[in-house]
There are 2 protein chains.
Amino acid sequence: MPSRSIRTPGIKDVAALAGVSASTASKALNDTGQLRAATRERVRQAAEQLGFTPDSRGRALASGRSFTVGLITTDSSGRFSIPIMLGAEDALSAGEMALVLCDTRDDPLREQHYLKSLVSRRVDGIIVTGRRTEAREPIDVPIPVVYAFSPSTDPDDTSVIVDDHGGAASAARHLLSLGREQIAHVTGPESHLSAQIRAAATMGAAREAFVGQPLYGEWSERWGRHAVDVLLRAQPTVDAITCGSDQIARGVCDRLRELGRSVPDDIAVTGYDNWSVMALASRPPLTTVDMELEELGRRTANLLLDVIAGSPRRGQLILPTRLITRESTLGT
Amino acid sequence: MPSRSIRTPGIKDVAALAGVSASTASKALNDTGQLRAATRERVRQAAEQLGFTPDSRGRALASGRSFTVGLITTDSSGRFSIPIMLGAEDALSAGEMALVLCDTRDDPLREQHYLKSLVSRRVDGIIVTGRRTEAREPIDVPIPVVYAFSPSTDPDDTSVIVDDHGGAASAARHLLSLGREQIAHVTGPESHLSAQIRAAATMGAAREAFVGQPLYGEWSERWGRHAVDVLLRAQPTVDAITCGSDQIARGVCDRLRELGRSVPDDIAVTGYDNWSVMALASRPPLTTVDMELEELGRRTANLLLDVIAGSPRRGQLILPTRLITRESTLGT
DNA sequence: GAAAATCCGGAACACGTTTTCCTGGACGAA
DNA sequence: TTCGTCCAGGAAAACGTGTTCCGGATTTTC
């Protein structure tokens with residue numbers, strides 16, 4: 001008796017135990033073909049008894065699909081890619097698909113390497129995501145691709161992006177609805193598209209209530225604190241500040257408190273990102289814009305599944321943001 | 001002429017173009033078997049010309065391996081799992097292995113589902129990780145498994161964990177070496193093993209310099225701020241505070257500053273985690289303990305590769321932490 | 001009771017690669 | 001010349017599954 005009997009049981013073992021052929025066992029387990037109910041049950045019990053788990057490698061080979069999709073991210077250390085990843089993984093696992101993770105660390109060589117690897121694995125599709133909202137070069141593979149967060153520069157590619165304009169505008173409108181009349185904006189580097197978009201949207205929505213010019217700096221608490229000094233010197237009567245990120249907003253709140261200005265009684269503040277460790281730890285907690293990145297990941301994955309299934313939806317899908325209101329605008 | 005000529009070229013196409021058999025082509029491309037150098041080169045050129053990429057599904061079936069490992073995480077939203085994931089992915093990709101991501105979201109049903117899926121994919125190995133340092137139930141699969149961060153309750157399983165004791169002790173010794181004589185400790189819930197360990201290690205290392213009792217609370221800035229009030233009432237002459245997390249330490253610093261106590265001149269403060277968004281944004285920046293989780297992920301992956309290769313290393317591997325010194329203990 | 005329709009299950013092949021075994025030829029030694 | 005050795009490469013099997021086709025058995029219909 002050869003010792004190879006310890007290998008995991010295959011469909012042939014199940015078939016043998018049930019007294020049928022391998023093909024019949026396959027049909028029984030997949031609810032296909034014409035089989036007597038009794039036979040089906042017999043095969044099922046045999047599979048159960050042996051603890052049979054079908055080998056998806058065989059299935060992949062036979063079906064021409066791999067039931068796997070690749071996720072290429074230029075930086076998963078960033079806090080944007082993570083929720084997208086999770087959302088995608090969530091949507092895919094519901095469809096019995098697996099997600100293989102590829103973090104290029106912004107290295108084009110690594111990206112090439114990963115692409116080769118994914119093509120070699122005959123992945124059913126690829127999701128490409130990055131940490132910036134700037135469009136990126138499309139990748140060149142004979143496989144369905146969907147871009148998330150960072151769209152492809154080719155408008156015919158399928159991309160899912162955040163409505164950054166709408167998000168910033170909703171914060172400004174919220175402040176207007178609360179009766180604020182002098183709204184300023186503090187945000188990140190002007191070289192960042194998202195900073196530009198949010199600034200433009202804020203000015204557009206606030207109209208004549210907007211005061212001064214957008215203050216561009218960096219995405220940090222320190223800049224938020226410093227910006228308050230700059231701003232109060234130029235616009236002493238400002239009564240609301242919308243910020244390009246929760247980090248900036250937290251810095252703004254800290255500095256205002258140090259100066260004895262009450263938030264929101266004297267000056268209301270809004271953030272952006274709904275990054276809980278910032279938005280909730282801030283004093284007071286921040287009204288902020290949630291980009292709903294996990295939902296974006298889910299939508300991206302579902303779109304990719306559609307493409308794989310043969311009904312592609314070309315162009316950019318722009319997902320709405322959600323305004324989260326907290327004490328930094330509403331008070332207690 | 002059938003239109004199926006548009007499918008991606010297989011090894012048989014390469015072989016045909018090079019004028020050899022499929023098996024010869026395989027040998028040529030894999031540098032195995034006995035072939036003339038000229039033949040090898042001819043096959044290589046043919047492969048190049050056709051843009052041939054081997055189908056790893058076929059390879060997987062033939063070799064009995066899948067060149068894939070699964071990563072099961074009970075929560076990838078936590079900031080502990082992420083660096084571990086990235087480190088593991090880094091180490092694995094160097095070995096031409098792919099990582100499939102499974103986030104159970106702490107749901108046992110999802111975990112079962114994922115395990116089935118991974119077994120079905122005939123994954124070469126599995127990494128299990130969690131967000132707490134408490135040991136967890138081992139998983140039951142006929143596949144090599146290595147546990148990261150959260151060890152298995154079975155001491156014979158392979159686990160890679162952080163030297164929490166050493167990390168906390170190193171912070172205390174650092175303070176002693178700076179001449180501090182009254183060291184207090186503020187940390188998270190007593191129900192958390194990591195809080196207990198770090199408290200015990202701090203007391204053990206500080207010896208007679210330790211004052212009062214460890215203050216257990218929660219992993220938040222708010223608790224850090226509140227703890228300062230509690231602590232100063234009981235121990236007004238304290239000159240150093242080690243904290244169980246960077247969040248707590250940041251809260252401690254904020255409150256001390258509000259009370260007009262200088263950090264580190266009056267009271268030195270240390271954190272834990274080296275979570276840059278906390279440790280660097282804190283005023284002053286925090287001296288803290290880095291658990292080097294990315295390295296832990298890499299080590300875990302390499303250990304798993306060893307197990308797969310047939311040379312398992314059983315038991316717990318305890319990795320050292322690294323003390324990062326900054327202004328919160330050293331001053332400017 | 002015979003012909004037709006229906007149902008059930010098996011044999012064979014396909015998927016793409018690796019690997020084992022084998023053959024035919026070239027070459028050196030006796 | 002003949003035998004043995006070595007080399008280059010081909011044929012076939014193997015991996016595990018899904019699917020197509022086909023024949024035999026059972027039931028239905030007139």
Side-chain angles (χ1 to χ4, degrees), chain A residues 2 4 6-44 46-47 50-68 96 117 119-124, chain B residues 2 4 7-44 46-47 50-68 96 117 119-124 142:
Chain A
R4 40 203 284 271
I6 49 171
R7 86 182 196 293
T8 74
I11 199 172
K12 282 188 288 208
D13 304 296
V14 174
L17 179 57
V20 297
S21 77
S23 59
T24 301
S26 170
K27 290 172 202 159
L29 296 174
N30 293 318
D31 267 336
T32 150
Q34 311 256 47
L35 267 65
R36 208 162 1 179
T39 311
R40 281 222 151 80
E41 190 50 33
R42 193 151 34 94
V43 173
R44 275 208 192 97
L50 265 54
F52 167 71
T53 317
D55 186 329
S56 56
R57 292 172 305 179
R59 190 200 306 258
L61 208 47
S63 68
R65 299 185 42 187
S66 65
F67 302 95
T68 302
E96 302 291 322
S117 164
V119 170
S120 156
R121 294 191 126 82
R122 298 297 190 269
V123 164
D124 292 333
Chain B
R4 42 203 282 269
R7 86 180 196 292
T8 75
I11 200 171
K12 283 188 286 210
D13 304 294
V14 174
L17 179 56
V20 298
S21 75
S23 57
T24 303
S26 170
K27 291 169 199 160
L29 295 174
N30 293 319
D31 268 337
T32 85
Q34 313 257 42
L35 268 66
R36 211 164 357 183
T39 312
R40 280 222 151 81
E41 190 50 32
R42 195 152 34 95
V43 173
R44 276 206 192 99
L50 265 54
F52 168 70
T53 317
D55 186 328
S56 55
R57 293 172 302 181
R59 191 200 303 261
L61 207 47
S63 69
R65 300 186 39 188
S66 65
F67 301 95
T68 304
E96 301 292 322
S117 164
V119 170
S120 155
R121 296 189 124 82
R122 297 297 190 269
V123 164
D124 293 332

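Letters go in sequence order (proteins before strands), and every chain restarts at 1. From a predicted model like this one, the values you see are computed outputs, not experimental measurements.
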Looking only at C/dG9, D/dG18, C/dG16, the nucleotide nearest the B/Asp55 side chain is C/dG16
Separation between CG (B/Leu61) and CZ (B/Arg122), nearest 0.5 Å, reads 10.5 Å
Has the side chain of A/Thr53 got a donor or acceptor atom that lies under 3.5 Å from a matching backbone atom of B/Ser120? no
Checking all strands, does A/Arg57 fall into the base, sugar-phosphate, or nothing category for heavy-atom contacts under 4.0 angstrom?
nothing
In whole angstroms, the gap separating C1' of C/dT17 from CG of B/Leu29 amounts to 11 Å
B/Leu35 atom CG is separated from C/dT19 atom C1', nearest whole Å, by 14 Å
Separation between OG (B/Ser56) and CZ (B/Arg65), nearest 0.5 Å, reads 12.5 Å
A/Phe67 atom CZ is separated from C/dC15 atom C1', nearest whole Å, by 13 Å
Interatomic distance, OG@B/Ser63 vs CG@B/Asp124, rounded to 0.5 Å, equals 8.0 Å
Checking A/Thr32 side chain against A/Asn30 main chain: does a donor-acceptor pair fall under 3.5 Å? no
Value for CG (A/Leu50) from CD1 (A/Ile11), rounded to nearest 0.5 Å, stands at 12.0 Å
note: B/Asn30, atom CG; C/dT19, atom C1'; distance rounded to Å ~ 11 Å
The single option from A/Leu35, A/Val43, A/Val20 that satisfies side-chain contact (heavy atoms from CB on, under 4.5 Å) with A/Lys27 is A/Leu35
Rounded to whole Å, CZ of B/Arg59 lies from C1' of C/dC15 at a distance of 16 Å
| If only atom types and distance count, is the side chain of B/Arg57 paired as donor or acceptor with the main-chain N or O of A/Gly64 below 3.5 Å? | yes
Worksheet item: So, the side chain of B/Arg42 versus the backbone of B/Ala18: is there a donor-acceptor pair under 3.5 Å, distance only?
Response: yes
Counting the atoms with a prime plus P, OP1 and OP2 as sugar-phosphate, which does B/Ser56 contact under 4.0 Å by heavy atoms, base, sugar-phosphate, or nothing? nothing
Separation between OG1 (A/Thr24) and CZ (A/Arg36), nearest 0.5 Å, reads 11.0 Å
| said: At 4.0 Å (heavy atoms only), tell me whether A/Gly10 reaches a base, stays on the sugar-phosphate, or touches nothing. | reply: sugar-phosphate
Does A/Arg36 place a side-chain N or O at less than 4.0 Å from the phosphate oxygens OP1/OP2 of C/dC7?
-> no
Atom CG of A/Asp13 and atom P of D/dC15 are separated, to the nearest Å, by 11 Å
Between CZ of A/Arg65 and P of C/dG16 the distance, given in whole Å, is 16 Å
- Task: Looking at every strand, decide which applies to B/Ser26 at a 4.0 Å heavy-atom threshold: base, sugar-phosphate, or nothing.
- Result: base
*Look at the side-chain N and O atoms of B/Thr39 and state whether any lies under 4.0 Å from the OP1 or OP2 oxygen of D/dG9.*
yes
Find every protein N or O atom lying less than 3.5 Å from an N or O atom of nucleotides 10-14 of chain C, and list the pairs.
unit_1 : atom_1 : unit_2  : atom_2 : d
C/dG10 : OP2    : A/Ser21 : N      : 2.9
C/dG10 : OP2    : A/Ser21 : OG     : 3.1
C/dG10 : OP2    : A/Thr24 : OG1    : 2.4
C/dG10 : O6     : A/Lys27 : NZ     : 2.7
C/dA11 : N6     : A/Ser23 : OG     : 3.3

As a check of understanding: the bend across the helix from C/dG1-D/dC30 to C/dA30-D/dT1, end axes from five pairs, rounded to 10 degrees, works out to 60°
Whole-Å distance, A/Leu61 CG to C/dG16 P, equals 7 Å
